[in-house]
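Working notes for the structure below.
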2 protein chains.
Amino acid sequence: MATTGRRLRADAERSVRTILEAAERLLSENPGATMEQIAEAAGVARTTVHRRFASREALVETMATSAWQEIDDAVDAARPYTAPPLVAMHQATANVVQIKSGWRFALGTLPPPGEEATRIHDAVMAKCDAVFARALEAGLLRPGTDPRWARQVYLALISEAVHHSPTTAQPQAADDPDALATLIIDTLLYGLAPRRPGPPAVQDTPGVDLPAGHDRS
Amino acid sequence: MATTGRRLRADAERSVRTILEAAERLLSENPGATMEQIAEAAGVARTTVHRRFASREALVETMATSAWQEIDDAVDAARPYTAPPLVAMHQATANVVQIKSGWRFALGTLPPPGEEATRIHDAVMAKCDAVFARALEAGLLRPGTDPRWARQVYLALISEAVHHSPTTAQPQAADDPDALATLIIDTLLYGLAPRRPGPPAVQDTPGVDLPAGHDRS
DNA sequence: GCTATCTGCTACATCACTGTTGCGGATAAA
DNA sequence: TTTATCCGCAACAGTGATGTAGCAGATAGC
């Protein structure tokens, strides 16, 4: 009985948020979690969940839509069409990593076709491709690189970085989005082999001011 | 009513194989597929599936165990402790990619703890780490590289490569395991930035004879 | 050919999850 | 204070999947 256009009362709006957060928490650890469990984790009755979301499917779709909306905004904030490619990549990556760590489930599987989330998803992918095209043009990527492979690898690195818990090296890299972004971009562009002097790293790029201390060389 | 120690009749053994293959096919596209659907895809009655596998859980675990067993064998075949690190990596990668493309579901999520599959999984990971340690020692990896990050990236690249359908560039890379392995290892070590002359690629390493034409420079 | 085994089929029992309804009490908003 | 809205609770219906049991016909293996 959700999706009514009427304005919600303040406490109801709070319930919706609490449910969404609890659902994310539960489903990210167990995608088969029950509405009952979600309700319990949110501290509300099961019927209240059904009051706000017509079905389990509707709940999941709402999560996906708002998560992808956040991602879209985060990418836009990096000015993907105007900022220098490397800068845009770094900034977008840092933003996205932060959001993705809070929406692990909602962003884990791509939304089913026909939903609003899919539209946003496609838009984000288009922006991603645009940045990569500009990077290729700027000589950051090897000519002839398969653009689909580049995007696949990039997205995979982001996912891995989100699940990358800190241990020995890169001590502060876990919670610092800029450090994670540097790790991702560096790995994407230069891999794990020993570095030879030559190309500029993100930090050396003019016009980018990052807090010092992230250079992991 | 499965897991009985008795020797199965030939036709029963065939049934088991057919069911496992059908289950892999179905579940890789829809992890929530029904026992009914699996049975139908295998061309047997639902009760027959239950006759061979006590429960859905048991079926999935059997799949995981045999899949990971194949992976383990494939890694061993690359002689991870004795072959030159780069050779071992390439060979193991090529072998694993082939197997993984046939066990997408069974190898998709790591097996639940306490199962036989977990034991094999851990053994494989140990071998993986060993190869990476040898690679680091041999100067293939940058000193100070977080070993967990290296493994994460490597495994992610394998997963992506399996799902990497062919289009424009790398035309034959889709079905040729050696080409895919080259793509994975090159991306892992050197990334996507323009290559500068210097380190040897896999194909240039003495002692490795690969079919020509995989150099994607 | 004989026998143990395997299979399809039908029927049944159970269970978990989903989704709905209605009511009385609480609470936000005016 | 008044009122519309929200919530917890209890009860119920429907659905779909899982797992079991027994029987009659087919088939592999000796």
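- For A67(A) against I99(A), the heavy-atom pair with the smallest separation is O-CG2, 4.5 Å.
- We find that CZ of F53(B) is positioned 14 Å from P of dC6(C), with the value rounded to whole Å.
- Between the side chain of R134(A) and the main chain of P80(A), a donor-acceptor pair closer than 3.5 Å is present.
- When side chains are defined from C-beta on, V87(B) does not count as touching R79(B), because their heavy atoms never get closer than 4.5 Å.
- Closest approach to the R56(A) side chain among dG29(D), dG19(C), dT18(D) is made by dG19(C) (side chain taken as heavy atoms from C-beta onward).
- Rounded to whole Å, the distance from CG on L27(B) to P on dA17(D) is 14 Å.
- Summarising the geometry, the separation between NE2 on H50(B) and P on dG8(C) is reported as 14 Å, rounded to the nearest angstrom.
- Of the N and O atoms on the side chains of T187(B) and W149(A), at least one donor lies less than 3.5 Å from an acceptor on the other residue.
- The separation between L59(A) atom CG and dT18(C) atom C1' is 13 Å, rounded to whole Å.
- H90(A) and D178(A) share a donor-acceptor pair across their side chains, judged by distance under 3.5 Å alone.
- Nearest-nucleotide mapping onto DNA chain D: of R14(B) and R9(A), the residue sitting toward the 5' end is R9(A).
- Side-chain contact check for E24(B) and W103(B): no donor-acceptor pair (N or O, by modelled atom type) lies under 3.5 Å.
- Rounded to a whole Å, the CD atom of E57(A) is 18 Å from the P atom of dC17(C).
- Each of T34(A) and A10(A) has a nearest nucleotide on DNA chain C; the 5'-most of these lies closest to T34(A).
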At under 4.0 Å between heavy atoms, how does the protein contact nucleotides 7-12 of chain D? Give one character per nucleotide, 5' to 3', with B, S or -.
BBBB--
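- Protein atom CG of N30(A) is 16 Å distant from nucleotide atom P of dA16(C), rounded to whole Å.
- Between E36(B) atom CD and dT10(C) atom P the separation is 12 Å, expressed in whole Å.
- Rounded to whole Å, atom C1' of dG16(D) lies 15 Å from atom CD1 of I38(B).
- Annotation for E57(B): atom CD does not count as buried by contact number, only 12 or fewer foreign heavy atoms lying within 6.0 Å.
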